There are 2 protein chains.
Amino acid sequence: MTSGLEFDLDRSSPVPLYFQVAEQISEAIRRGDLAPGARLDNEIRLADRLGLSRPTVRQAIQYLVDKGLLVRKRGVGTQVVHGQVRRPVELTGLHDDLRRAGREPSTRVLEITTVPADERTAATLGVPAGTEVVRMERLRYARGEPIALLRNWLPADLLPLTAESLQRRGLYELLRAAGVRLRVANQRVGARAATPTEARLLEDRRGAPLITMERTTYDDRGRAVEHGSHVCRASHYSLEVTLIER
Amino acid sequence: MTSGLEFDLDRSSPVPLYFQVAEQISEAIRRGDLAPGARLDNEIRLADRLGLSRPTVRQAIQYLVDKGLLVRKRGVGTQVVHGQVRRPVELTGLHDDLRRAGREPSTRVLEITTVPADERTAATLGVPAGTEVVRMERLRYARGEPIALLRNWLPADLLPLTAESLQRRGLYELLRAAGVRLRVANQRVGARAATPTEARLLEDRRGAPLITMERTTYDDRGRAVEHGSHVCRASHYSLEVTLIER
DNA sequence: TAGTGGTCTAGACCACAGC
DNA sequence: CTGTGGTCTAGACCACTAG
């Protein structure tokens, strides 16, 4: 039950009320005050207790259901899901992933050039063939060891990119700082053996298993802002995904 | 614009109105009547045209935004995202994946037994140690070729499982048919080289690159209903994921 | 400044689960 | 039968975007 929980809402804050509620429920779960399987008060009672309308409370709950923290069942109620959500479902780059895991990422920029887009790149990014695009190749390290080889293409007019800025910050971080709001990414994940070149760059043996990732990311206008084709050393990295069925 | 689109709503249908709207917009995108980048009418106008309230129209749009088909930006409008969503974000098993791709999956059940849960399995499934669980091992084929080696554990009281039923239907399909509603899955994806045993079963060479998947799935009561530890031949399979930032 | 989505309210009726 | 979430209405005001 949430009966014992205290909620602290600030109506003068620019933070939406539904989000304040969601954050505090989320925090209660993280702390363990709401154990896995625990039932929340029903939506009406929760709304009464918080002095909010039911739709606002529903919005808060829906937000956490979409993140995989809560599950709902009609006639039963809303409960905390068993099993920790290992990672929130977010649109992150490898740099953020590693930093979050406390693995001190660093980057070596192998190449960064501006070229006219060939047919295939233009189609992927949804720009006319021949448009200027930035092509870059980076080597990502964690704790001093090579982890991944990253190849990216993005429209040249999106933001200025330099080897210096890419060495200290991840691509996604730079995009966000430039006001680009990432919204959707289509990603294909596979695996294959390392080629001799890849093995040399990643300081691994030829034929070592690599995770492959092919990703195109779109902003809040629906435009492609980045395409990436990456390989990661499987011995040093794995992906975590949370799937939600609506 | 959606101005030229026709919408056909049935208020007597048990299908929710927001879902009817979402389906028809989705269909218009699939057909190409709404091209990538196309702007929808604004929410107020759309609500007027359909004879619905704005919240209902918003719910329909939100549904498609969550699926990655649409993007919204305040002050701008709602647009169709560039780049096809290759696969809807759904909670599917390998069997469904392959069948959807028209690859005629078939299954050979190598083992299926009921055993008391050891410490680790019990913790993963959130049941007391010693509880009866089903342990199974399957070999999944597509077009006659071995694709994946699947190992699963699930609570024994959930549903009766036989080698016969598993040979003709996927595990997720059987779970759904038994009234289990899957809601959340935490999944870890990696890669490694095939062991000699795996290579023999998968009819591949030793050291061949494999995709590894470790997944725990929860139902609408928040209980773990299945844990899987799978390996797939990377040469014959890859995963597609769509990531959405809220 | 005009137009858009973002948030919020205060109700209503319905469908489904479980006793 | 009772309680729960699921759906729906008809408004309101605000914050942000773009010209």
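Just so we're clear, the structure is a prediction, and the values are computed from it rather than from any experiment. When reading the values below, keep in mind they use all heavy atoms of this one structure, side chains included, and skip hydrogens, waters and symmetry mates.
Counting to the nearest Å, the P atom of dT9(C) and the CG atom of D48(A) are 12 Å from each other. In this entry the distance linking CG of L17(B) with P of dA10(D) reads 12 Å, nearest Å. At whole-Å resolution of the value, CG in L40(A) and P in dT4(D) are 12 Å apart. Protein atom CD of Q62(B) is 16 Å distant from nucleotide atom C1' of dT7(D), rounded to whole Å. Rounded to an integer number of Å, the gap from CG of L46(A) to P of dT4(D) is 12 Å. In this structure, D220(B) places its CG atom 12 Å from C1' of dG5(D), rounding to the nearest Å. Atom P of nucleotide dG6(D) and atom CD1 of I44(A) are separated by 12 Å, given to the nearest angstrom. Taking atom NZ of K73(B) as the reference point, atom P of dG19(D) lies 12 Å away to the nearest angstrom.
One cannot find a donor-acceptor pair under 3.5 Å joining the base of dG3(D) and the side-chain atoms of R74(A).
Among the candidates R140(B), R168(B), R138(B), the single residue satisfying the side-chain hydrogen bond (donor to acceptor under 3.5 Å, both in side chains) test with T107(B) is R140(B).
Each of L52(A) and G77(B) was matched to the nucleotide of DNA chain C holding its nearest heavy atom; the match closer to the 5' end belongs to G77(B). Both R221(A) and Q59(B) lie close to DNA chain D; mapped to their nearest nucleotides by heavy-atom distance, the more 5′-ward contact belongs to Q59(B).
Heavy atoms of P55(B) sit under 4.0 angstrom from at least one base atom. No contact: I61(B) has no heavy atom under 4.0 Å from any strand.
A salt bridge does not link R72(B) to D220(A): none of the charged nitrogens lies less than 4.0 Å from a carboxylate oxygen. Using a 4.0 Å cut-off between a side-chain N of Lys or Arg and a carboxylate O of Asp or Glu, E43(A) and R54(A) qualify as a salt bridge. Under 4.0 Å is where a charged nitrogen must lie from a carboxylate oxygen, and between R176(B) and E173(B) no such pair does.
A sub-4.0 Å separation between OP1 or OP2 of dG5(C) and a side-chain N or O of T78(B) is present. Considering only side-chain N and O atoms, T56(B) lies under 4.0 angstrom from the phosphate OP1 or OP2 of dT9(D). The phosphate of dG6(D) has OP1 or OP2 within less than 4.0 Å of a side-chain N or O from R58(A). Of the side-chain N and O atoms in R54(B), none sit less than 4.0 angstrom from OP1 or OP2 of dT9(C). Contact annotation: R11(B) side-chain N/O to dT9(D) OP1/OP2 distance is under 4.0 Å. One finds no side-chain N or O of Y18(A) lying less than 4.0 angstrom from the OP1 or OP2 phosphate oxygen of dC8(C). OP1 or OP2 of dT4(D) lies within a sub-4.0 Å distance of a side-chain N or O belonging to N42(A). Between R181(B) and the phosphate of dA17(C), there is a side-chain N or O to OP1/OP2 separation shorter than 4.0 Å.
Using the six-membered ring where Trp is involved, Y63(B) and Y18(B) have ring planes that are perpendicular, over 60° apart on the 30 and 60° scheme.
For S53(B), the side-chain atoms get nearest to dA10(D) when compared with the rest of dT4(D), dT7(D), dA10(D).
Judged by distance alone, the side chain of H82(B) and the main-chain N or O of G222(A) form a donor-acceptor pair under 3.5 Å. One N or O on the side chain of Q20(B) and one on the backbone of V15(B) form a donor-acceptor pair closer than 3.5 Å. Judged by distance alone, the side chain of S165(B) and the main-chain N or O of L161(B) form no donor-acceptor pair under 3.5 Å.
Scanning DNA chain D for stems, defined as runs of 3 or more consecutive Watson-Crick or G-U wobble pairs whose donor-acceptor distances all fall under 3.5 Å, gives the following ranges: C:1-18 with D:1-18.
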